[in-house]
Structure formats: C-alpha cells, structure tokens
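Computed over heavy atoms, backbone and side chain alike; hydrogens, waters and symmetry mates excluded. Chain identifiers are assigned alphabetically (A, B, ...) following the order of the sequence lines, protein sequences preceding nucleic acid strands; residue numbering begins at 1 within each chain.
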Protein chains: 2
Amino acid sequence: MSERQPTLRERRRFETRRLVQAHAVRLFTDHGYDAVTVADVAEAAGVSAMTVYRHFPTKEDLVLIDQPAQLIAEQVAASSATQPLVRRVGGALIDAATALTGGNGDEPEANERFLLDCLRLMVSTPALRARHLDSQYALQQAIVDALGGDATDPDAAFRAQAATSACMAAMHTALTRWTEDDGHTKLPDLVTRALAASFGDDAVATYRKG
Amino acid sequence: MSERQPTLRERRRFETRRLVQAHAVRLFTDHGYDAVTVADVAEAAGVSAMTVYRHFPTKEDLVLIDQPAQLIAEQVAASSATQPLVRRVGGALIDAATALTGGNGDEPEANERFLLDCLRLMVSTPALRARHLDSQYALQQAIVDALGGDATDPDAAFRAQAATSACMAAMHTALTRWTEDDGHTKLPDLVTRALAASFGDDAVATYRKG
DNA sequence: ATCCAAGTGTTAGTTACTAACGTGATGGTA
DNA sequence: TACCATCACGTTAGTAACTAACACTTGGAT
C-alpha cells in the first residue's frame with residue numbers, strides 16, 4: 001500500500017494539463033496543426049500561453065504521447081538471450097501493443113480514441129511525424145541497451161542496432177495502418193503481420209500460434 | 001549533346017549556395033547547431049539572412065542532403081518482382097550506397113568529408129535527426145510505389161510498407177555506423193551487414209558472394 | 001495561524017521564418 | 001550596340017515559437 005493518493009495541487013495540475021492537451025488535439029484536428037497557434041490553444045483552454053509551455057516544452061509535445069519505453073525495455077531484458085534478436089524485440093513489441101490497446105473488442109474506447117487522434121496528427125503533419133520518428137529512435141536505443149549484448153564486441157552491437165531498428169520500423173508501419181483502420185483492426189495482429197512480412201513467418205511463429 | 005553549359009548567373013547562384021552551406025556546416029560543427037543563428041551563418045558567408053532563406057527554406061535544410069531517391073526508386077522498379085521484397089529493396093540500397101561513396105579506397109575524399117560532417121550533425125542534433133528520419137520516410141514511400149505491387153490488395157501494400165521500412169531502418173543503422181567510423185569502413189559492406197543482421201544471411205546472399 | 005513553495009500570469013525579449021518592395025547586374029533581343 | 005525583362009540579392013516589417021525574469025495567489029506543512 002505504498003500508493004499515496006495525489007494531493008489537490010497534483011490533481012489540479014494534472015487536470016489543467018489534460019485540459020490543455022485535449023483542446024489542443026481538438027483544435028489541431030479541426031483546423032490543422034500549423035493553422036492553430038499556441039495562443040489559440042491557451043485561450044481555448046482558458047489559461048495563459050505560458051502555462052501551456054510549463055506543461056508542454058514545445059508545441060509538438062502537445063500531440064506526442066509517451067511510449068511505454070520502460071515496459072518494453074524490461075520485456076526485452078527479460079526475454080531469453082538464446083532466441084534470435086528479431087524475435088526477442090518483436091515479441092516485446094507485440095506484448096506492448098497488447099498492453100497499450102487492451103486487446104479487447106473491435107470498438108475502440110475513449111482512451112483509445114484520443115490515442116488515435118494523436119496518431120493521425122502525427123502521421124499527417126510533417127513536423128510531428130519527424131518528432132515521432134525521433135522518439136521511436138530514442139526508444140530503439142533503450143531497447144538495444146536492454147538486449148544486453150556483449151558491449152566489448154562492436155560487431156554484436158551493430159547487429160543489435162540493425163535488428164532492433166528494423167523491428168521498430170515494422171512496428172511503425174503497423175501503427176500507421178492501425179490509424180488508417182481507425183483502430184478497428186487489432187494492433188497486436190498488425191504488429192505481428194508487419195514483423196512476419198519483414199522477417200518471415202517463422203520469425204514470429206510462436207506468437208501467431210501461441 | 002543536350003548538355004548546355006550553365007550560364008554565369010547559374011554558376012554564381014550555385015556558388016553562393018555552396019558557400020553558405022559550407023560556412024553553415026563549419027559553424028555548426030564548431031559551436032553546435034543550436035548556438036549558431038541563421039544571421040551568424042549569413043554574416044560568415046558575407047550575404048544577408050534573406051539570401052540564406054532563398055537557397056535553404058529552413059535552417060535544417062542547411063545540413064540535410066538530398067538522398068538519391070530517384071536513383072533508388074528506379075533500381076527497385078527495375079528489380080525482378082519474383083524476388084522477396086527485402087532482397088529487392090535491400091539490393092537497391094546496397095547499390096545506392098556504392099554509387100554514393102564511390103566505393104574506392106579506404107580514405108574518404110573531399111566530397112565524402114563534407115557528407116560525413118553533415119551526417120555527424122544529423123546524428124547528434126535532435127532537430128536534424130528528426131528531419132533526417134522523416135526524409136527517409138519520404139524515400140520509403142517512393143520505394144513502395146516503385147515496388148509496384150497490386151494496388152488493389154491492401155494486404156500486399158501493407159507487407160510492402162513493412163518490408164521497405166525495415167530495410168530503410170537497417171540502412172540508417174549502417175549510415176550511423178559509417179559516420180562513427182569516420183567513413184573508413186566501406187558503406188556498401190555496412191549496409192550488407194545490417195541487412196544480414198536483420199533478415200538473415202541468405203536474404204542478401206547474392207550480394208555477398210557476387 | 002504562519003511560512004514556503006508550487007502553479008500561474010505578465011512582460012519583454014530572442015530567433016526562425018514570411019511577405020512585400022526596391023535595386024543592380026545579367027542575358028536575350030532589336 | 002541599345003534596350004529591357006528577369007534574376008539574384010538586399011531591406012524592412014511582421015508573425016509565431018519559444019525563454020527569462022518578476023509578481024501574485026493559493027495549497028500544504030509546521
């Protein structure tokens with residue numbers, strides 16, 4: 001029971017943050033990312049522009065969502081080192097996709113709706129797409145570290161980088177397709193299919209049959 | 001002989017463009033990308049800030065280099081459709097790497113030196129890295145189009161996207177490693193190894209043995 | 001009740017970038 | 001050779017994304 005309930009200030013802070021982000025995504029979706037200024041977002045949310053920057057360092061961060069990097073890294077670190085690289089990383093990504101979307105029915109819920117709105121913006125807006133790709137790149141570094149290969153072997157490190165980046169790319173393709181389908185296709189399935197298209201069916205066989 | 005020689009105006013224009021870019025990369029390398037303003041670059045090059053923007057739409061474009069997208073796309077389109085996707089795309093990328101670096105001795109020449117300076121900045125500076133990744137993403141779309149799969153089959157299109165993005169990611173890993181090695185390792189070899197690490201040795205066998 | 005710090009607002013900057021207009025040199029043409 | 005349209009560049013004014021510094025209000029602990 002180390003879970004202490006959040007104080008009033010924390011709740012307020014979190015609430016304004018959520019409010020600002022919700023208004024931002026709505027305005028961006030309605031009028032386009034470039035056509036909406038940070039001042040517009042602030043006014044819609046009923047706060048000052050400075051407050052927006054206090055919660056989100058840049059305008060782009062209003063849309064970018066934190067990927068469960070910690071979760072994925074732990075999953076990778078826990079996987080058996082005897083398996084091929086793409087299977088270790090790919091398996092973790094499939095599990096992360098399952099955790100992210102709940103993996104239940106075919107109708108996305110409210111939380112998923114917001115995620116889809118953000119992803120749509122990320123795919124269609126160049127500035128956001130670039131930042132999103134770079135955050136995936138950061139996640140890639142975390143995964144490579146979690147793979148825990150022999151740090152003294154530069155060739156092994158290179159192979160780990162290459163395999164991981166390829167897996168991340170497949171994941172990104174699945175995410176893009178997921179937004180195009182408006183979340184109606186199950187994300188873990190899309191990730192699995194993307195990995196299979198890249199690395200062959202046998203590379204993800206255990207996940208398809210299990 | 002449809003090659004008409006460039007007029008004086010064109011030569012002057014190209015020269016100022018080259019001058020501005022050279023000063024920019026030098027200043028960015030010496031003092032860091034963020035610490036140097038566009039006005040600084042303009043002053044160093046002996047032009048006005050407006051002239052910089054006339055040649056380079058954004059500050060980032062001072063460093064970003066055009067990828068030989070056209071070349072790669074044609075190569076992909078010309079490859080045999082009976083081969084696996086990753087081999088078609090991977091082969092084109094290896095060929096492009098060969099064309100880009102000349103593929104001669106181990107000591108990089110002047111042109112390659114500049115390319116390496118730009119790549120170093122792209123890897124180390126977040127804003128540039130993001131833009132670079134997005135330009136690779138644009139190239140990916142061109143490659144997928146060049147693959148020319150059945151446009152009416154969404155599943156085939158999805159597999160093409162996944163396989164291509166994974167190849168591009170391996171290519172990026174090779175580029176990163178190439179800059180870390182200061183261009184002393186042959187780029188085509190690095191690309192080949194990155195592809196092999198992702199998709200298995202047999203996926204690029206013809207290129208390793210041939 | 002009191003004090004501290006967190007959250008917010010306000011103001012004044014810097015910098016990337018755009019739009020509009022003026023100027024001098026260049027290149028084709030009469 | 002004379003003319004003029006166009007191109008490259010400069011100047012100025014403006015917008016918008018941020019940043020720094022300071023003041024104010026309010027929640028939370030003593």
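Proximity of residues 121-135 of chain A to DNA chain C (heavy atom under 4.0 angstrom from any strand atom) is not detected for any residue. Listed by residue number, the members of residues 14-22 of chain B with any heavy atom below 4.0 angstrom from DNA chain D are B:Thr16. Residues of residues 33-56 of chain A that place a heavy atom closer than 4.0 Å to DNA chain C, in numerical order, are A:Val47, A:Ser48, A:Met50, A:Thr51, A:Arg54, A:His55.
Atom CG of A:Asp145 sits in a crowded spot, with more than 12 heavy atoms from other residues, nucleotides or ligands closer than 6.0 Å. For A:Gln70, the CD atom counts as loosely surrounded, since its 6.0 Å shell holds 12 or fewer non-hydrogen atoms of other residues, nucleotides or ligands.
Note on B:Arg13: a side-chain N or O is less than 4.0 Å away from OP1 or OP2 of D:dC9.
By the salt bridge (Lys or Arg N to Asp or Glu O under 4.0 Å) test, A:Arg129 is found to be paired with B:Asp134, residues two or more places apart in sequence or in another chain being considered. Under the salt bridge (Lys or Arg N to Asp or Glu O under 4.0 Å) criterion, A:Asp181 pairs with A:Arg177, sequence neighbours left out.
The main-chain N or O of A:Thr58 is found under 3.5 Å from a side-chain atom of A:Asp61 such that the two form a donor-acceptor pair. The closest donor-acceptor contact from the side chain of B:Thr164 to the backbone of B:Gln161 lies at 3.5 Å or more, if one exists at all. Between the A:Ser165 side chain and the A:Ala162 main chain, a donor and an acceptor come within less than 3.5 Å of each other.
For the pair B:Arg26 and B:Asp117, the salt-bridge criterion is not met [side-chain N within less than 4.0 Å of a carboxylate O]. Remark: B:Arg193 does not engage B:Asp189 in a salt bridge, criterion side-chain N to carboxylate O under 4.0 Å. We find that B:Arg13 and B:Glu10 are not joined by a salt bridge, their nearest charged nitrogen and carboxylate oxygen being 4.0 Å or further apart.
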Which atoms of nucleotides 27-30 of chain C (N or O only) lie under 3.5 Å from a protein N or O atom, and what are those distances?
unit_1	atom_1	unit_2	atom_2	d
C:dG27	OP1	B:Thr7	OG1	2.6
C:dG27	OP1	B:Leu8	N	2.8
C:dG27	OP1	B:Arg9	N	2.7
C:dG27	O5'	B:Thr7	OG1	3.3

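If you measure from atom CD of A:Glu60 to atom P of D:dA16, you get 17 Å, rounded to the nearest angstrom. Atom CZ of A:Arg11 and atom P of D:dT26 are 18 Å apart (whole Å).
The shortest distance between side-chain heavy atoms of A:His172 and A:Leu133 falls below 4.5 Å.
A:Asp40 and A:Thr37 share a donor-acceptor pair across their side chains, judged by distance under 3.5 Å alone.
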| Evaluation steps, side-chain contact (heavy atoms from CB on, under 4.5 Å), between B:Leu175 and B:Gln136 | CA-CA 12 Å; B:Leu175 270 179; B:Gln136 279 210 340; 4.1 Å; yes
